[in-house]
Amino acid sequence: MRIAIVDDDIFFTGKVERTLKTYFEEKGDPVKIQCCDAEALLKELQVQNRYDIYFVDVEMPGMDGLELAEKIHEIDARARVVFLTSFEKYAYQGYRVKAYYYMMKDAYQEELPQVLERVQKEEESEKDYYRILTETRYCKFKMSDILYLTKEKKYAMFHCVDGSEYRERKSVENVYHSLPQERFVVINRGIVVNMKYVMKYGKMELTMQDGKVFPVSRRENVIVKRKLADYFGTLL
């Protein structure tokens with residue numbers, strides 16, 4: 001799971017981070033936690049990084065948490081923004097900007113596990129399958145079976161490990177934002193790959209399990225390297 005914490009109180013941020021790490025260590029699940037300010041987070045979102053949960057303080061200098069939540073949702077419409085605050089007066093405003101949860105700082109240790117369990121249940125029920133629904137067709141397939149996506153005119157083409165192909169009238173970029181960000185990466189305009197099936201990467205080229213070789217754009221090169229390192233690092 002990928003988690004972002006945005007809070008100007010460094011001491012409190014550290015406590016939340018330790019609590020999160022302990023929770024996932026006890027469950028034996030991998031987690032990546034990013035502690036940053038509002039501007040740094042928005043820059044990350046602009047280069048396609050997404051998080052499963054955003055823990056955001058409401059009262060911060062400069063951009064406050066309510067404004068940040070609105071900007072997060074403009075980029076990531078499905079974002080789960082959890083507000084952390086010491087003041088109940090912000091509860092209504094928090095839900096106005098589509099807060100996933102509103103948590104008082106003095107009760108975070110009791111409520112945090114409940115929020116995480118809720119998110120994990122949602123992830124377990126939704127993350128395994130991708131669904132394509134039109135007026136004339138419905139199909140579903142495992143996201144873990146997707147080798148890569150390519151662009152074909154106005155369609156996103158899904159190429160799967162068993163050789164089957166599906167297409168959806170969406171841009172590849174829009175489909176990408178519906179996929180687990182920790183498992184897929186954009187390598188070029190109109191090309192997204194499942195990192196599970198990457199066999200080789202070097203010289204700005206990436207070789208997939210089926211032998212297909214894709215060029216990696218200079219723009220995406222740094223991101224691809226980092227995401228591959230993060231992905232395979234969690235498997236070691």
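Side-chain atoms of Val216 and Glu205, non-hydrogen and from C-beta on, never get closer than 4.5 Å to each other. The side-chain heavy atoms of Val58 and Leu66, taken from C-beta on, include a pair separated by under 4.5 Å. At least one side-chain heavy atom of Lys71 sits under 4.5 Å from a side-chain heavy atom of Met63. Using a 4.5 Å cut-off on side-chain heavy atoms (C-beta onward), Ile191 and Lys151 make no contact. Proximity of Glu220 to Ile187: side-chain heavy atoms (C-beta onward) are nowhere separated by under 4.5 Å. Here the side chains of Val185 and Val192 are not in contact, with every heavy-atom distance at 4.5 Å or above. Put simply, the side chain of Tyr54 reaches to within 4.5 Å of the side chain of Leu45, judged on heavy atoms. In this structure, Arg183 and Ser144 have side chains that are in contact, with non-hydrogen atoms separated by less than 4.5 Å.
The cluster map of Ile, Leu, Val, Met, Phe, Trp and Tyr, joined by side-chain heavy atoms under 4.5 Å apart, puts Val175 and Tyr155 in different clusters. Two different hydrophobic clusters hold Leu149 and Met157 under the rule that ILVMFWY side chains link at heavy-atom gaps under 4.5 Å. Residues Val198 and Val161 are members of one and the same hydrophobic cluster, defined by side-chain heavy-atom contacts under 4.5 angstrom among Ile, Leu, Val, Met, Phe, Trp and Tyr. One hydrophobic cluster holds both Val193 and Tyr231 under the rule that ILVMFWY side chains link at heavy-atom gaps under 4.5 Å. Both Phe55 and Met1 are members of a single hydrophobic cluster when ILVMFWY side chains are connected at heavy-atom separations under 4.5 Å.
For the residue pair Lys227 and Met195, the shortest heavy atom distance occurs at O-SD, 3.5 Å. The heavy-atom pair separating Cys160 from Tyr166 by the smallest distance is SG-CE1, 3.8 Å. For the pair Glu17 and Cys35, the tightest heavy-atom approach, listed with the atom from each and the gap, is OE1-SG, 3.6 Å. For the pair Ser178 and Met143, the tightest heavy-atom approach, listed with the atom from each and the gap, is O-SD, 4.4 Å. Of all heavy-atom pairs spanning Leu41 and Cys36, the tightest one is CB-SG, 3.8 Å. Glu67 approaches Asp64 most closely through the heavy-atom pair N-OD1, 2.8 Å.
A distance of 9.0 Å separates CZ in Arg167 from NZ in Lys153, rounded to the nearest 0.5 Å. Between atom CD1 of residue Ile3 and atom CD1 of residue Ile53 there is a gap of 4.5 Å, rounded to the nearest 0.5 Å. Atoms CD and CD, on Glu117 and Gln120 in that order, are 7.5 Å from each other to the nearest 0.5 Å. Rounded to the nearest 0.5 Å, atoms CD (Glu44) and CD1 (Ile223) are 9.5 Å apart. For the atom pair Gln109 CD and Glu111 CD, the distance stands at 11.5 Å (nearest 0.5 Å). Note that CD of Glu182 and CZ of Arg2 are 8.0 Å apart. Values are rounded to the nearest 0.5 Å.
Partner of Lys105 under the side chain to side chain donor-acceptor pair (under 3.5 Å) criterion, out of Thr85, Asp7, Asp9: Asp7 alone.
Pairs passing the ring-ring contact (aromatic ring centres under 6.0 Å, His included) check and including a residue from residues 6-34, sequence neighbours excluded, read Phe12-Tyr108. Sorted by first then second residue, the side chain to side chain donor-acceptor pair (under 3.5 Å) pairs that include residues 184-200, not counting sequence neighbours, number zero. Sorted by first and then second residue, the side chain to side chain donor-acceptor pair (under 3.5 Å) pairs involving residues 206-215 (not counting sequence neighbours) are Tyr148-Asp210.
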For this session: List the steps, then state whether ring-ring contact (aromatic ring centres under 6.0 Å, His included) holds for Tyr176 with Phe184.
Result: CA-CA 8 Å; Tyr176 170 72; Phe184 290 84; 7.8 Å; no
Exercise. Between Met60 and Asp57, does a side chain to side chain contact (heavy atoms under 4.5 Å, CB included) hold up when you go through it step by step?
Worked result: CA-CA 7 Å; Met60 295 185 292; Asp57 187 15; 3.9 Å; yes
Problem set entry | Tyr130/Lys142 under side chain to side chain contact (heavy atoms under 4.5 Å, CB included): CA gap, chis, key distance, verdict | CA-CA 6 Å; Tyr130 189 89; Lys142 284 189 175 182; over 6 Å; no
For this session: Starting from the C-alpha separation in whole Å, work towards a yes-or-no answer on side chain to side chain contact (heavy atoms under 4.5 Å, CB included) for Ile72 and Leu68.
Result: CA-CA 6 Å; Ile72 290 172; Leu68 175 59; 3.8 Å; yes
Exercise. Side chain to side chain contact (heavy atoms under 4.5 Å, CB included) between Leu20 and Leu116: does it pass, once the steps are laid out?
Worked result: CA-CA 9 Å; Leu20 289 168; Leu116 294 173; 3.8 Å; yes
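With 3.5 Å as the limit, one finds no donor-acceptor pair spanning the side chains of Tyr101 and Arg80. Tyr51 and Gln181 form no side-chain donor-acceptor contact under 3.5 Å, judged by distance and modelled atom types alone.
Under 4.0 Å is where a charged nitrogen must lie from a carboxylate oxygen, and between Asp37 and Lys43 no such pair does.
With sequence neighbours left out, Asp145 forms a salt bridge (charged side-chain N to carboxylate O under 4.0 Å, His left out) with no residue at all. Scanning for side chain to side chain donor-acceptor pair (under 3.5 Å) contacts around Thr19 gives an empty result, with sequence neighbours left out. Under the side chain to side chain donor-acceptor pair (under 3.5 Å) criterion, Thr150 pairs with His159, sequence neighbours left out.
In this structure, Arg118 forms a cation-pi arrangement with Tyr100, its terminal cationic atom sitting closer than 6.0 Å to the ring centre and no more than 45° off the ring axis.
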